[in-house]
Number of protein chains: 2
Amino acid sequence: MTGDRTRPAGAGKASTRELILDTAERLFAEQGIFATSNRRIAEAAGQGNSSVAGYHFGSKADLVRAITRRFTAEVERSRVGLLAGLDGSAGLAELLGCLVRPWTDRFESLGPHSYFARVCAQAMNSPALRPIVVEEGSHSGSLKRTWEALGRYLPGGADLSTEIRRGVMQHLIVFVCAERESALAEGRPTSRQTWTDEANGLIDALYGIMTAPLADLSPSPVRSRPYGRVTEDGAHAIPE
Amino acid sequence: MTGDRTRPAGAGKASTRELILDTAERLFAEQGIFATSNRRIAEAAGQGNSSVAGYHFGSKADLVRAITRRFTAEVERSRVGLLAGLDGSAGLAELLGCLVRPWTDRFESLGPHSYFARVCAQAMNSPALRPIVVEEGSHSGSLKRTWEALGRYLPGGADLSTEIRRGVMQHLIVFVCAERESALAEGRPTSRQTWTDEANGLIDALYGIMTAPLADLSPSPVRSRPYGRVTEDGAHAIPE
DNA sequence: AGCCAGTTGAGTCAATTGACTGATGTGTGG
DNA sequence: CCACACATCAGTCAATTGACTCAACTGGCT
């Protein structure tokens, strides 16, 4: 987490850099980011220099940044394509799809050897690493445009709670992907058959969050809020 | 993460143990679990023995377990009380409140010096630590009863996707609490005024997830799913 | 008072880690 | 063909860490 030793992108052959990124990403996902030392990365990558990772990327934070950037770049391409296929009257589900499917599609194309979701989930919850993933994500123009379009669906417009809602939704996407990724890696059963099914389920959940009735923030009584009641057969009814 | 050096609970005066737990919890939240060594914990707690934490709790995993157990016990008491106040016809919002409010109430009572939400968020996303928090959480009888009651609201009954949905919702609670906790600690503005407001917003989101229309899992076309459409004024309409 | 199990203080130790150094390898442009 | 810049290798170094030892202390009990 010290200096910036990152080499300019075009320098030298990129294969070793990619190999380091692949190896680090895998070890980070499997054993944890902070439980993985530069040495182990170098050994697992079959490199003699015990600190190749440091040589190419600098600190561990910079390594996480590079891993994040690589994934984000891929996802950005995909999202730009999705957005291009949407006209102005795109529905909420389509817009949420622009949030979700670039991720799930990427993981699907990576097959059983995807790791980034778990890495991202860790980084997002680490005090030292979260600023990095947040910053890297903020560079995405397509993401910004998607959220602007989604803003039309949010009752309160662009207030502070919208910012939090956005954080919640992004967190949800990462968590669900990480969960499936982990299950696939360990051979555990998955709740849905395919990544596409998972994306649909995720969009359902996000749809629910977006359209949930907003409680007025007045200091109302804690219990018994004006939601639906249980009916005899156990079904529920959405008010209004 | 090696042997189990944990002492029987009743032995000796408990003040040092509590002091270690408090200190470790704070450092874990502020600097990250894996960035915090036993030595730093001992120093910050003003203890001469550089490995008091190891002496009292064993490995770092065991320390996280003890921190989790302490919080969970407190929350359990609170949830039992909430459940006792509910009759058989409790609505969805009330049941979700039994999930959310024990946490938010606890954080409110801790004031600006709460740390567990951030610790829990980290642990849940760490490969080495997640089994621990999951296991500790599984001991809660009141939580189990709440989920059984919530099961009546889930369309599919108790299938595998329900398990995931549950994971999503619990993850959401932890994340939102961690977000507010972090904001309070750093003096950043919070999206909601009080922990109670935060709980209401959280229940809104969970309500949305629970009642979101479930997409059939058939291999339908990826885009254009049967959700609401945009109207001229930008509002949205929930189908049916 | 005197014992004693458990706790705390103070320090050691091997292992690991990130950062560093210098020699050697390599491939690309001139 | 040959510099030259970059990449890789092999090894060193101080700092940190978890685990450990042993002495000193504490409070409860007889």
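First the proteins, then the strands, lettered A, B, ... as listed; each starts at 1.
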CZ of Phe57(A) versus C1' of dG18(C): gap in Å, rounded?
-> 17 Å
Out of dC9(D), dA7(D), dG6(C), which nucleotide sits closest to the side chain of Asn49(A)?
-> dC9(D)
Rounded interatomic separation in angstrom, taking CZ from Arg39(A) and C1' from dC20(C) | 11 Å
If you pin Ala35(A) and Gly46(B) to their nearest nucleotides in DNA chain C, which one's is more 5'?
-> Gly46(B)
Atom pair distance, as rounded to whole Å: CD1 in Ile20(A) and C1' in dC6(D) = 16 Å
Is Ser114(A) reaching over with its side chain to a backbone N or O of Leu110(A), donor-acceptor style, under 3.5 angstrom?
-> no
Identify whether any heavy atom of Ser51(B) sits under 4.0 Å from a base atom; if not, whether one sits that close to sugar-phosphate; answer base, sugar-phosphate or nothing.
-> base
Nearest-neighbour nucleotide for the Tyr55(A) side chain, dA7(D), dT8(C), dG18(C) considered | dA7(D)
Starting at CG of Leu27(A) and ending at P of dT17(C), how long is that distance when rounded to a whole Å?
-> 12 Å
What is the distance, rounded to the nearest whole Å, between atom CD of Glu43(A) and atom C1' of dT16(C)?
-> 11 Å
Any sub-3.5 Å donor-acceptor pair from Lys60(B)'s side-chain atoms to Ile33(B)'s backbone N or O?
-> yes
Please name all residues satisfying side-chain hydrogen bond (donor to acceptor under 3.5 Å, both in side chains) with Arg145(A), sequence neighbours left out, ordered by chain then number.
-> none
Of the nucleotides dA19(D), dT17(D), dA7(D), which has the atom closest to the Ser50(B) side chain?
-> dA19(D)
Nearest whole angstrom, please: distance from the C1' of dT16(C) to the CZ of Arg40(A).
-> 9 Å
Closest non-hydrogen atom pair between Ile20(A) and Phe57(A), with its separation | CG2-CE1, 3.7 Å
Scan Asn38(B) against the nucleic acid and name what it touches under 4.0 Å (heavy atoms): base, sugar-phosphate only, or nothing.
-> sugar-phosphate
